[in-house]
Asker: 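My questions all concern the structure below.
Counting starts at 1 for both ligands and their atoms, in listed order. Note: hydrogens, waters and symmetry copies are ignored here, and every other heavy atom, side chains too, is used.
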Amino acid sequence: MSVIKRRDILKQIASRGPAEVSPGKSLYEIWATDVFDLAKMKSVLPKPVFKSLEQTVESGVPLEKGAADEIAAAMRNWAISHGAKYYSHVFHPLTGATAEKHEGFIAINRAGEIVTEFSSKQLIQGEPDASSFPNGGIRSTFEARGYTAWDVTSPAYIMETANGKILCIPTAFVSWTGEALDKKTPLLRANMAISRSASRILKLFGHLDGCITTSAGPEQEYFLIDRAFATARPDLLLAGRTLFGRPGAKGQEFEDHYFGAIPERVQLFMHDVEERLYRLGIPAKTHHNEVAPSQFEIAPLYENSNIASDHQQLVMTTLKTVAKKHKLLCILHEKPFKGVNGSGKHVNWSIRSSILGNLLDPGETPHANMQFLLFCAAVIRGVHKYGHLLRAVVASAGNDHRLGQNEAPPAIMSVYLGAQLSDVFERIRTGKSTESCAPTNTFMNLGVDSLPPLPKDPGDRNRTSPFAFTGNRFEFRAVGASQSISDSLVALNTIVSDSLDWIADKLEASVSGGKKLEVACSDVLKEIMEAHSAVVFNGNGYSDEWVAEAESRGLRNLKTSAEALPVLQEEEIISLFERQKTISPVELAARFEISAEQYIKTLDVEAKLILEMAKTKILPAAIAYLTDQVECFESLGEYGLDRTSINFVAEMIKDLQLGVSKLEKNFYIGHNGTINEQLNFYSKTILADMNVIRAAADALEGEVSEDYWPLPSYMEMLFIR
Ligand code: ADP
Ligand code: MG
């Protein structure tokens with residue numbers, strides 16, 4: 001009986017000894033040992049080849065002819081000397097997962113001897129079977145095949161798996177007709193877009209040199225529970241979240257977890273994770289407990305956003321595989337447990353010039369400050385015009401449970417600037433001087449001379465904003481814990497690039513018409529703030545007042561994925577991506593289709609699981625309990641015991657049965673209609689039916705004796721390790 005299984009699990013956990021971890025080595029010993037990075041390439045490649053490679057990595061110029069042959073040979077030698085027998089083109093298909101197909105280095109020559117083989121062709125291009133990856137209709141419209149293409153800018157590395165070591169080559173995955181079928185290609189394009197548009201602005205300020213990139217520092221939240229629990233929780237195993245479960249007597253109300261000591265078992269896990277990340281050249285920097293019990297966070301130092309995105313995928317994979325070794329389950333779902341906080345991913349983002357540094361850092365001089373204000377204003381304008389796009393790219397079945405649930409940023413996109421910077425922008429908007437001196441509209445009088453020193457540190461950090469300025473970067477906090485950060489970075493880079501282009505158009509026209517740059521900047525800043533200050537909000541994003549206020553400001557509140565995803569079908573969004581050359585209309589249509597499909601499939605699995613668990617686990621347990629209770633009550637008749645509880649159990653069983661038959665019926669209707677209709681049906685009807693079943697089951701969990709209850713409880717999962 002499952003109850004016995006549940007007890008077994010607790011016994012198993014109680015008998016666990018500490019996991020074995022390798023003794024801590026010095027950082028210098030392990031740092032990037034498993035990465036074929038620039039330093040290693042420099043030591044083995046002929047000088048001209050390395051120079052060409054370095055230029056490609058730094059400024060995106062194409063690799064010189066013949067260089068790839070030398071690089072492939074060097075890479076193969078390095079990998080084989082490190083014990084790798086296989087190589088793999090690794091890419092991130094549109095589902096957000098990581099895909100790889102392993103090929104052996106082994107070959108047999110004419111003499112029948114074993115040799116190793118890895119040519120530049122094998123390095124540069126691979127041909128996985130594209131038909132097994134979703135492509136949102138692109139395949140049928142175009143060609144059946146897809147290919148992977150080496151991303152020279154992201155270093156190859158060795159991955160240790162259960163069946164040996166594999167040389168992993170980061171690649172883009174595209175169709176033969178050139179459509180992006182992955183998450184990397186648009187990010188590379190979006191980085192190019194912002195580099196192009198930001199250069200236009202910098203040029204006006206006299207900065208002609210340097211390349212421009214975006215940086216990203218993602219903070220990853222996750223839950224960690226003993227793995228044994230999953231054997232009795234098919235919901236955790238298959239859906240990644242609990243579909244049933246009554247919030248325990250203790251949740252996070254004491255808020256004692258955040259600052260508490262990290263449990264020893266988790267420390268060993270983190271040690272192991274970080275050691276592996278260091279070997280992969282991923283600069284893990286902070287780790288700590290999070291708000292909910294058994295919830296934690298890991299954040300690496302920020303990197304170029306393309307590398308950060310690749311590394312982020314590796315962080316997720318590493319968390320999961322190392323957890324397995326420690327007999328733990330790492331849960332990346334956005335809302336695995338009802339009643340305690342879910343998990344997100346805060347994506348810290350900034351724009352960087354190789355010569356000027358961080359362009360979102362308030363400068364030392366008024367001149368630099370003006371440049372900073374322009375970049376900042378570009379972000380404000382972008383989020384105001386296209387906030388709904390930012391909402392759309394974080395839409396998923398999992399994230400719907402988190403956004404707007406008073407624990408995570410709302411589904412309404414606004415920008416937090418902090419009091420001081422808001423004040424500066426407000427004065428720009430109203431044309432008021434910083435001093436009480438005569439107000440004029442020109443930046444000279446307003447700002448360059450009398451602009452107050454801009455905040456280096458925003459001080460008060462508002463955790464309730466989905467998009468916050470935090471001193472020298474913006475932090476996008478609506479991203480879900482299990483999502484790739486690539487979509488968010490592509491959207492951000494694209495909307496900001498579009499704003500920068502708009503600003504550059506205006507400034508270039510004004511300056512060539514004879515206006516002084518300062519005046520032109522002042523005018524454009526004022527124009528932006530007049531049109532877009534509605535998106536700036538420094539108050540409590542969790543409050544009901546904000547929902548009403550945001551509506552009166554005209555900000556969209558797309559509460560569910562069913563409302564948010566169709567944003568990708570809006571004309572204005574299609575032309576934005578097309579204009580910035582980051583995602584073509586065909587690719588965007590494919591992306592919508594795949595996200596919508598993912599949403600529907602997720603709810604499909606959840607609905608099936610909920611039915612199965614209700615019918616085969618919960619109902620039998622509750623009915624057995626009720627039967628026994630009724631018998632007891634009959635034999636104890638003379639005592640006149642209160643029957644409220646068993647009557648309630650009977651009621652809840654009936655509710656549960658009704659819920660089950662309703663969901664079973666609707667489940668079969670759900671697959672009819674267009675994809676947009678299905679989205680709506682699932683998000684409204686199917687989810688509501690699921691909630692009815694869960695409410696009845698959770699109520700039962702509070703009444704039925706634990707000796708009958710088949711599922712590990714929240715208390716057990718979140719507090720026992
Ligand atoms: P907090 O929890 O206070 O927000 P963390 O230290 O956990 O801060 O994470 C902040 C993240 O932001 C780190 O990944 C950090 O490297 C990154 N970061 C810092 N400066 C920048 C920047 N200029 N651009 C992008 N990311 C940055
Ligand atoms: Mg943090």
Asker: Checking Glu334 against Ser482: is there a side-chain donor and acceptor pair closer than 3.5 Å?
Answerer: yes
Asker: For ligand 1, is any non-hydrogen atom under 4.0 Å from Arg463's backbone (N, CA, C, O), its side chain (CB onward), both, or neither?
Answerer: side chain
Asker: State whether the shortest distance between N or O atoms of His288 and N or O atoms of ligand 1 falls below 3.5 angstrom.
Answerer: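 Not met; the criterion fails.
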Asker: With heavy atoms only and a cut-off of under 4.0 Å, state how Arg352 meets ligand 1: side chain, backbone, both or neither.
Answerer: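 Arg352 to ligand 1: no contact under 4.0 Å from either part.
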Asker: Is the Phe474 ring parallel, tilted or perpendicular to the Phe467 ring (thresholds 30°, 60°)?
Answerer: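 Ring orientation of Phe474 relative to Phe467: parallel.
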Asker: Quick check against the 3.5 Å criterion: does Glu303 have a side-chain atom that pairs as donor or acceptor with the backbone of Ala308?
Answerer: no
Asker: Parallel, tilted or perpendicular, judged at 30° and 60°: which one describes the rings of Tyr222 and Phe296?
Answerer: tilted
Asker: Is ligand 1 less than 4.0 angstrom away from at least one heavy atom of Glu297?
Answerer: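 Yes, that is the case, since the closest heavy atom of the residue is under 4.0 Å from the ligand.
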Asker: So for Glu475, does at least one of its heavy atoms come nearer than 4.0 angstrom to any atom of ligand 1?
Answerer: yes
Asker: List the steps and the verdict of side-chain contact (heavy atoms from CB on, under 4.5 Å) for Lys385 and His532.
Answerer: CA-CA 8 Å; Lys385 274 184 78 98; His532 303 291; 3.7 Å; yes
Asker: Which atoms of ligand 1 sit under 4.0 Å from any heavy atom of Thr286?
Answerer: 7 (O)
Asker: What's the spacing between Asn304 CG and Leu187 CG if we round to 0.5 Å?
Answerer: 8.0 Å
Asker: Is the closest N or O pair between Ala216 and ligand 1 shorter than 3.5 Å?
Answerer: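 No; every N/O pair is 3.5 Å or more apart.
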Asker: Show the atoms of ligand 1 that are less than 4.0 angstrom away from any heavy atom in Leu301.
Answerer: 16 (O)
Asker: Does Ser350, backbone or side chain, put an N or O under 3.5 Å from an N or O of ligand 1?
Answerer: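 The answer is yes, given that Ser350 and ligand 1 share an N or O pair closer than 3.5 Å.
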Asker: Does some non-hydrogen atom of Gln220 fall short of 4.0 Å from ligand 1?
Answerer: no
Asker: Find out whether the Lys NZ or Arg CZ of Arg473 is both under 6.0 angstrom from the six-membered ring centre of Trp349 and within 45° of the ring's axis.
Answerer: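 Arg473 over Trp349 ring: no.
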Asker: Could you tell me whether some N/O pair between Asn358 and ligand 1 is separated by less than 3.5 angstrom?
Answerer: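 Yes, Asn358 has an N/O under 3.5 Å of an N/O on ligand 1.
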